[in-house]
Amino acid sequence: METRRVADILKNGQPEEKVVIKGWVRTKRELKDFAFTEVNDGSSLAGLQVVLDSEVPEYNTIIKQINTGASIEVGGTLVASQGKGQKIELKADSVMVYGEADPETYPLQKKRHSFEFLRTISHLRSRTNTIGAVFRVRNACAAAIHKFFQDKGFLWIHSPIITASDCEGAGELFTVTNFDLNKLPQNKQGQVDFTQDFFGKPAYLTVSGQLQAEVMAMAFQNVYTFGPTFRAENSNTSRHLAEFWMVEPEMAFCDLEGDQNLAEEFLKYIFQYVLDHCPDDMTFFNKWIDKSILATADNIINNDFERITYTKAIELLEKAKKKFEFPVEWGIDLQSEHERYLAEELFKKPVIVTNYPKEIKAFYMRLDDDEKTVAAMDVLAPNIGEIIGGSQREERLDVLERRIQEMNIEADSIWWYLDLRRYGTVPHAGFGLGFERLVQFMTGMNNIRDVIPFPRTPLNADF
RNA sequence: UCCUCGGUAGCUCAGUGGUAGAGCGGUCGGCUGUUAACCGAUUGGUCGUAGGUUCGAAUCCCACCCGGGGAGCCA
């Protein structure tokens, strides 16, 4: 008989149906002559209650083997439950134990664990309610992202993971080498001789696929990257990872307004998709993790995002009656307290702030006519702050070269990027979104390490 | 990296100079419909590591390691 998934049985199962399930035991409640067990196969938050009694062959042996964590196959008949917690349950005819889990050493209990502890057992934590729900929602987010872009005709670009250029001149990079680090070849100046290295020059793990996305947008118009990126920064926070996934759409023949339109439509779509596809998981998060996430999702989906310029944002912050720790004046980068005030207190919905001072933004952002600001945009959302950062790119070769010079950017390694402005340049724009931060925002999870299966952070690359 | 709080049983924690504790978990027993089952009993420790002060240190001091929260930076 074909194995059914628990999610399917809970949704469509009918009494009298014969089914087979395979999964892992979450709990066992043993009474004198029979027992209840809950089996979870990862397909849903809820497990299927299985009723076992002496009709199961070798009941006395089996019942001692099916402790929390054991993997089993159960065949039987679906029946309407006499108990209260579930509509339907499985009356077992046969049970096969694939692998036992010694209760003396199996680290997961039936009760709640701290996320800090679960991180020390990342190979087992996906079997818990919360982490299981996180990864189903993470998957739904990824599926939604692809569907959103594919339905719009965007090409998914596989940007390189190894790169010889440091895109934004910012952040610490991981070096990629095949040198024997105990015997580094040196040149006559006594420095490491990278001409003997694998690529003949220093190479790094990418910090962004944006520049390559711009290349591909110049052929396919609309593209997006969705892949891993790396930062070697020694930042120990609940919002940073050394390895994380980033989504970066790039559109040719698009300006800053089109960029904002896409960002707004994109966020609304992802939230709606997850609500539609993971309602139980989202309800679970709303109950146990953060009681505001469903209201937040509703806010995102049903409100037009506020759109203001940076200059207007500074005016509003200066007029605010609130005292800020960091003083406000034109030219500063917005601190998280400022972003929170705009999104949470003033507008109470997502706000897109545009046209920041050029001094605080990257070299590739398009210079505005006033020569003071650039065509940048940040989407600030209630409860999380900046979730999306983007810009219209500088498509004018002379202006771009001037900006590169002003900002002391090493231009040699991005000659190809400048070539795009030499040959058939067009206005174009795009944005970047940290995928794990999106999942954090969606689920209300406090620590980014709990929304990626195997987090890489300073001093932690286990599993 | 900076600030701050913490590290005691498998887990969550109490214990602030004098015999190392509780709840949960595990184990054993009981229970004919349980739902983090319940009831009874029981098991369980190099008090993060290494020094120091003291008659005596989980407790006080120093260094280091690790974790949480916040900041900076960002995604």
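Reckoned from all heavy atoms, side chains included, excluding hydrogens, waters and symmetry mates. As the structure is a prediction and not an experimental result, all values here were calculated from the model. The sequence lines fix the lettering, A, B, ..., with proteins before strands; numbering per chain opens at 1.
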Output yes when at least one side-chain N/O atom of A:Ser238 is less than 4.0 Å from OP1 or OP2 of B:rG70, else no.
-> yes

For A:Lys32 and B:rC31, is the shortest distance between a side-chain N/O and OP1 or OP2 below 4.0 Å?
-> yes

Could you walk me through whether A:Tyr364 and A:Tyr417 pass the ring pair (Phe, Tyr, Trp, His ring centres under 6.0 Å) check?
-> CA-CA 10 Å; A:Tyr364 51 72; A:Tyr417 185 73; 7.2 Å; no

Contact under 4.0 Å: A:Asn129 side-chain N or O vs B:rA36 OP1/OP2 = no

Base, sugar-phosphate, or nothing for A:Gln82, non-hydrogen atoms under 4.0 angstrom?
-> base

For A:Glu38, report the nucleic acid contact type (base, sugar-phosphate, nothing); a contact means any heavy atom under 4.0 Å.
-> nothing

Do the ring centers of A:Phe149 and A:Phe266 come within less than 6.0 Å of each other?
-> yes

So which nucleotide from B:rC31, B:rG72, B:rU1 ends up closest to the side chain of A:Asn236?
-> B:rU1

Could you tell me whether the side-chain ring of A:Phe34 sits stacked on the base of B:rG33, using a centroid cut-off under 5.5 Å and a plane angle under 30°?
-> no

Inspect the contact between A:Arg29 and A:Glu38 and indicate whether a charged nitrogen and a carboxylate oxygen are less than 4.0 angstrom apart.
-> no

Contact class for A:Thr120 vs. all strands (heavy atom < 4.0 Å): base, sugar-phosphate, or nothing?
-> nothing

Considering just the side-chain nitrogens and oxygens of A:Ser114, establish if one lies under 4.0 Å of OP1 or OP2 belonging to B:rU12.
-> yes

Under 4.0 Å between any heavy atoms, over every strand shown, what does A:Phe117 touch: base, sugar-phosphate, or nothing? Just pick one.
-> sugar-phosphate

Using a cut-off of 4.0 Å on non-hydrogen atoms, how would the nucleic acid contact of A:Arg26 be classed: base, sugar-phosphate, or nothing?
-> nothing

